[in-house]
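Working notes, beginning with the structure itself.
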Amino acid sequence: MTSALRTRLDRIEKLGGDAMQRYIASLSEEELEARCEELSARLRGELEANGHDCTGLDNNQLVALAQSIDPTWPKAGAR
């Protein structure tokens, strides 16, 4: 597994891209889905701990809420 991952990362490195792009590209579909769920749960927890009702919000709505609250939150396409 390690050599396969290293091979994938080497190929991505040769093609360019920043560290985050390489990390995301190195994940399998299942790993990426699990990471998204983990981050979604953390974001939902942070927002709810700060008094925001996140009931029924999907991931896109959670991010939009975080962006509306915190002007330093990264916007889509920002680098």
Side-chain angles (χ1 to χ4, degrees):
M1 180 66 174
T2 303
S3 64
L5 180 57
R6 182 72 253 159
T7 300
R8 288 175 69 189
L9 289 174
D10 287 344
R11 188 174 75 240
I12 294 166
E13 181 78 26
K14 288 177 187 172
L15 296 174
D18 64 26
M20 182 60 74
Q21 289 171 326
R22 288 191 303 274
Y23 169 70
I24 291 170
S26 74
L27 298 174
S28 69
E29 245 351 271
E30 295 80 21
E31 291 169 324
L32 188 56
E33 185 65 31
R35 184 68 175 136
C36 286
E37 288 304 315
E38 176 188 328
L39 293 173
S40 174
R42 284 179 49 198
L43 179 57
R44 186 178 300 278
E46 288 289 324
L47 290 169
E48 289 177 347
N50 286 296
H52 300 281
D53 181 14
C54 298
T55 305
L57 298 182
D58 65 20
N59 289 343
N60 291 332
Q61 293 167 321
L62 284 175
V63 170
L65 177 58
Q67 289 172 332
S68 71
I69 295 166
D70 184 354
T72 65
W73 186 272
K75 303 294 188 246
R79 289 199 163 221

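Note that CG of Leu65 is 12.5 Å distant from CG of Asn60, once rounded to the nearest 0.5 Å. Here the CD-OG1 distance, from Glu48 to Thr55, works out to 6.0 Å after rounding to the nearest 0.5 Å. Taking OG of Ser40 as the reference point, atom CD of Glu33 lies at 10.0 Å (rounded to 0.5 Å).
Distance alone, capped at 3.5 Å, places no donor-acceptor pair between the Arg44 side chain and the Leu62 backbone. Here the side chain of Glu46 pairs no donor or acceptor atom with the backbone of Leu43 at under 3.5 angstrom.
A single hydrophobic cluster is seen to contain both Ile69 and Leu57, as judged by linkage of ILVMFWY side chains at heavy-atom distances under 4.5 Å, directly or through other members. Taken together through direct or relayed side-chain contacts under 4.5 Å among Ile, Leu, Val, Met, Phe, Trp and Tyr, Tyr23 and Leu32 form part of one hydrophobic cluster.
A search for salt bridge (charged side-chain N to carboxylate O under 4.0 Å, His left out) contacts involving Glu38 returns Arg35, not counting sequence neighbours.
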